[in-house]
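Right, one structure below, let's go through it.
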Amino acid sequence: MIERRWMERAVELARRSLEEGTYPVGAVLTDAEGRLVAEGRNRVLPTGDPTAHAEVEALRGAAAWFRAQGGDRRRRRGEALTLYTTLEPCLMCGGAILFAQVGAVAWGSDDPYGGSHRILQAQSHYDGHRGRWSRSRTFAEPFPDLAREVRALMRQWEERRGRLEEFAWPEPEEAR
């Protein structure tokens with residue numbers, strides 16, 4: 001079940017990124033019981049690290065969580081995790097999500113300029129421990145009001161960069 005409170009937390013993290021002068025993207029990972037495992041926000045510009053996307057930061061936090069739970073990641077399957085992210089994951093993050101075997105991914109707003117939805121939908125990963133192929137379940141824009149808020153944050157970001165005409169970030173209804 002996709003919980004609104006976690007998407008709202010991801011939006012809070014996105015706002016914080018925007019305040020820090022970088023892409024407004026936030027991400028939260030929860031366990032099978034709906035408890036917070038890790039969170040991240042985009043930190044590409046402040047750190048100079050091109051991989052410091054919100055989703056990757058959350059996955060790194062989850063790796064630390066797995067180690068704290070007993071060290072052996074194989075006993076703590078990623079498929080029990082749900083990732084909430086404000087923006088449809090990019091190609092890099094989509095690949096990381098697949099490799100981490102995250103069970104479900106929900107994003108606040110589609111990314112009309114480069115999201116990896118089709119990759120997450122089409123690709124599966126082999127679970128060698130269970131001897132089967134599995135896919136991440138995806139939930140695009142489960143909360144329309146939050147989708148509008150995320151797009152407003154993206155428009156603010158593009159306006160600050162002087163690129164609003166190039167990247168207009170239409171309202172969710174217009175993008176479909």
Side-chain angles (χ1 to χ4, degrees), residues 1-19 23-43 51-90 92-111 115-130 132-154 172:
M1 181 172 118
I2 300 304
E3 295 185 47
R4 182 181 178 88
R5 68 182 171 139
W6 296 122
M7 190 63 75
E8 289 172 341
R9 175 63 183 151
V11 171
E12 288 174 25
L13 293 165
R15 276 193 220 104
R16 190 166 161 195
S17 288
L18 184 62
E19 291 166 6
Y23 300 88
V25 181
V28 173
L29 268 167
T30 62
D31 67 10
E33 286 78 41
R35 295 177 300 220
L36 179 66
V37 170
E39 58 186 32
R41 65 184 187 283
N42 189 294
R43 296 172 32 81
T51 68
H53 290 204
E55 300 89 342
V56 171
E57 294 282 308
L59 290 170
R60 289 175 180 155
W65 180 82
F66 279 123
R67 285 190 302 275
Q69 298 297 311
D72 186 358
R73 186 197 177 284
R74 291 172 295 186
R75 287 194 258 151
R76 306 276 188 201
R77 305 305 304 154
E79 65 192 29
L81 299 178
T82 298
L83 174 69
Y84 296 83
T85 182
T86 54
L87 191 61
E88 179 183 355
C90 71
M92 176 188 71
C93 293
I97 290 163
L98 288 173
F99 279 113
Q101 300 177 2
V102 173
V105 182
W107 55 85
S109 175
D110 290 338
D111 182 350
S116 65
H117 177 185
R118 286 181 298 281
I119 291 170
L120 290 170
Q121 284 275 336
Q123 296 298 314
S124 57
H125 57 270
Y126 186 71
D127 182 344
H129 301 287
R130 295 205 171 124
R132 64 179 170 89
W133 290 88
S134 60
R135 283 194 169 98
S136 296
R137 292 165 301 162
T138 58
F139 302 89
E141 298 185 353
F143 307 106
D145 60 320
L146 294 180
R148 286 187 291 278
E149 187 172 347
V150 169
R151 290 195 182 226
L153 290 172
M154 294 305 296

**Prompt:** Hey, does Val102 have a side-chain heavy atom less than 4.5 Å from the side chain of Leu59?
**Reply:** yes
Inset, instruction - For the pair Val37 and Phe66, evaluate side chain to side chain contact (heavy atoms under 4.5 Å, CB included) and give the outcome as yes or no after the intermediate values. - result: CA-CA 9 Å; Val37 170; Phe66 279 123; over 6 Å; no
Q. Does the side chain of Val28 reach to within under 4.5 Å of the side chain of Glu12, using non-hydrogen atoms?
A. no
For Glu33, the side-chain contact (heavy atoms from CB on, under 4.5 Å) test, sequence neighbours excluded, returns Asp31, Arg35
Under a 3.5 Å distance rule, please check whether Thr86 uses its side chain to pair with a backbone N or O of Gly26 as donor and acceptor. yes
With sequence neighbours left out, the residues meeting side-chain contact (heavy atoms from CB on, under 4.5 Å) with Arg60 are Asp49, Thr51, Val56, Glu57
Quick check: does any side chain N or O of Ser116 sit under 3.5 Å from a backbone N or O of Cys90, one acting as donor and the other as acceptor?
-> yes
- Query: Is there side-chain contact between Val150 and Glu141, with at least one heavy-atom pair below 4.5 Å?
  - Reply: no
The salt bridge (charged side-chain N to carboxylate O under 4.0 Å, His left out) partners of Arg15 (sequence neighbours excluded) come to Glu149
Applying ring pair (Phe, Tyr, Trp, His ring centres under 6.0 Å) to Tyr23 and not counting sequence neighbours gives Trp157
Sequence neighbours excluded, the answer for side-chain contact (heavy atoms from CB on, under 4.5 Å) partners of Ile2 is Thr82, Tyr84, Ala106, Phe139, Pro142, Phe143
Would you say that Glu3 contacts Thr30 through its side chain, given a criterion of any heavy-atom pair below 4.5 Å between the two side chains? no
Checklist entry - Hey, is CZ on Arg16 packed in by over 12 heavy atoms from elsewhere, all under 6.0 Å? => result no
message = I want to check something: taking the side chain as every heavy atom from C-beta on, are Asp110 and Arg151 in contact at a cut-off of under 4.5 Å?
response = yes
Residue set satisfying side-chain contact (heavy atoms from CB on, under 4.5 Å) with Ala27, at least two apart, ordered chain then number -> Ala54, Glu55, Ala58, Leu83, Thr85
Could Glu8 and Arg5 be called an ion pair, given the rule that one side-chain N must be under 4.0 Å from one carboxylate O? no
Between the CG atom in Asp111 and the CG atom in Leu87, the distance rounded to the nearest 0.5 Å is 4.5 Å
In terms of heavy-atom contacts, Ser17 and Val25 come closest through OG-O, 3.6 Å
Nearest heavy-atom contact between Pro89 and Gly94 is CB-N, 4.1 Å
